[in-house]
Amino acid sequence: MIRALPRWLHARARRVLPAAVRTVSAEVHASCTSLTALLLPLRRRSDGAVLFHLQRDTCQALRHDPSAVLSQAEMPPRGIVQEIYRPWRSVLAPPLGLVHFTSRKDGRAWLVLVPDDATALYVWRD
């Protein structure tokens, strides 16, 4: 069962995303107990995934000028000083369309953007 996150929790969860990746909401699988570890890291190993819903303007920008958006999205998330993401890659993946993906430099998280579906998937494994 998929469960939408409350607004305040969505705001907290989106902090892991680059600032250029703007979202309107997020969902997790109801059995995902590791979301707490993402939001409140307590030095214990965890893994999980959050599905974000992209803002319409972010999707349009990714369709019309993906290189501009993705170059901004290489910048670190809000409040982080150093770059943490590798360069973006893109692949045509029917029926999803053009998919953009990257990973953190430490190899502990992956981010996939699917503009035609207006989604972003953040997967982590500590």
Side-chain angles (χ1 to χ4, degrees):
M1 174 179 207
I2 302 297
R3 167 179 90 191
L5 295 180
R7 271 197 143 136
W8 67 271
L9 202 49
H10 165 243
R12 173 81 176 156
R14 74 175 175 216
R15 294 160 113 191
V16 299
L17 301 175
V21 178
R22 294 182 304 276
T23 63
V24 293
S25 63
E27 299 176 353
V28 294
H29 193 275
S31 66
C32 180
T33 59
S34 58
L35 180 62
T36 304
L38 172 68
L39 302 175
L40 305 166
L42 302 172
R43 298 287 180 202
R44 62 184 178 108
R45 297 182 66 81
S46 67
D47 56 24
V50 177
L51 180 69
F52 292 93
H53 298 278
L54 297 172
Q55 285 185 358
R56 181 177 296 149
D57 61 336
T58 300
C59 294
Q60 289 173 346
L62 281 166
R63 286 186 200 107
H64 296 295
D65 192 4
S67 60
V69 177
L70 297 176
S71 66
Q72 290 178 354
E74 285 183 11
M75 304 310 251
R78 300 161 191 86
I80 306 291
V81 179
Q82 64 189 26
E83 279 186 30
I84 62 170
Y85 289 105
R86 292 187 170 103
W88 287 88
R89 296 177 184 238
S90 301
V91 63
L92 186 57
L96 298 175
L98 193 59
V99 175
H100 311 283
F101 60 96
T102 187
S103 63
R104 284 185 21 176
K105 288 184 177 180
D106 63 7
R108 293 182 177 181
W110 301 266
L111 177 58
V112 179
L113 305 178
V114 186
D116 287 352
D117 194 39
T119 57
L121 179 63
Y122 183 82
V123 180
W124 76 94
R125 182 174 183 91
D126 289 333

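In terms of the side-chain hydrogen bond (donor to acceptor under 3.5 Å, both in side chains) criterion, Thr58 has no residue partners (sequence neighbours excluded). Applying the side-chain hydrogen bond (donor to acceptor under 3.5 Å, both in side chains) rule to Arg86 yields the partners Ser103; only residues at least two apart in sequence or on another chain are considered. Remark: Ala109 pairs with Arg104, Tyr122, Trp124 by the side chain to side chain contact (heavy atoms under 4.5 Å, CB included) rule, at least two apart or across chains. When the side-chain hydrogen bond (donor to acceptor under 3.5 Å, both in side chains) test is applied to Arg63, the partners found at least two apart in sequence or on another chain are Asp116. Listed by chain and residue number, nothing satisfies the side-chain hydrogen bond (donor to acceptor under 3.5 Å, both in side chains) test with Ser25 (two or more places apart in sequence, or in another chain).
Between Val21 and Phe52, every side-chain heavy-atom pair lies at or beyond the 4.5 Å cut-off. Contact of the Leu113 side chain with the Leu70 side chain is registered, since non-hydrogen atoms from C-beta on lie closer than 4.5 Å.
A distance of 13.5 Å separates CZ in Arg56 from CZ in Arg22, rounded to the nearest 0.5 Å. Atom OG1 in Thr102 sits 9.0 Å away from atom CZ in Arg89 (nearest 0.5 Å). Here Leu5 contributes atom CG and His53 contributes atom NE2; the two are 9.0 Å apart, rounded to the nearest 0.5 Å. Leu54 contributes atom CG, which lies 8.5 Å from atom CG of Leu17 (distance to the nearest 0.5 angstrom). Once rounded to the nearest 0.5 Å, the distance linking CZ of Phe101 with CG of Leu121 reads 13.0 Å.
The backbone N or O of Thr119 lies less than 3.5 Å from no partner atom in the side chain of Asp117, so there is not a single donor-acceptor pair.
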Which side-chain N or O atoms in residues 90-99 pair as donor and acceptor under 3.5 Å with protein atoms at least two apart or in another chain?
residue, atom, partner, partner atom, Å
Ser90, OG, His100, ND1, 2.6

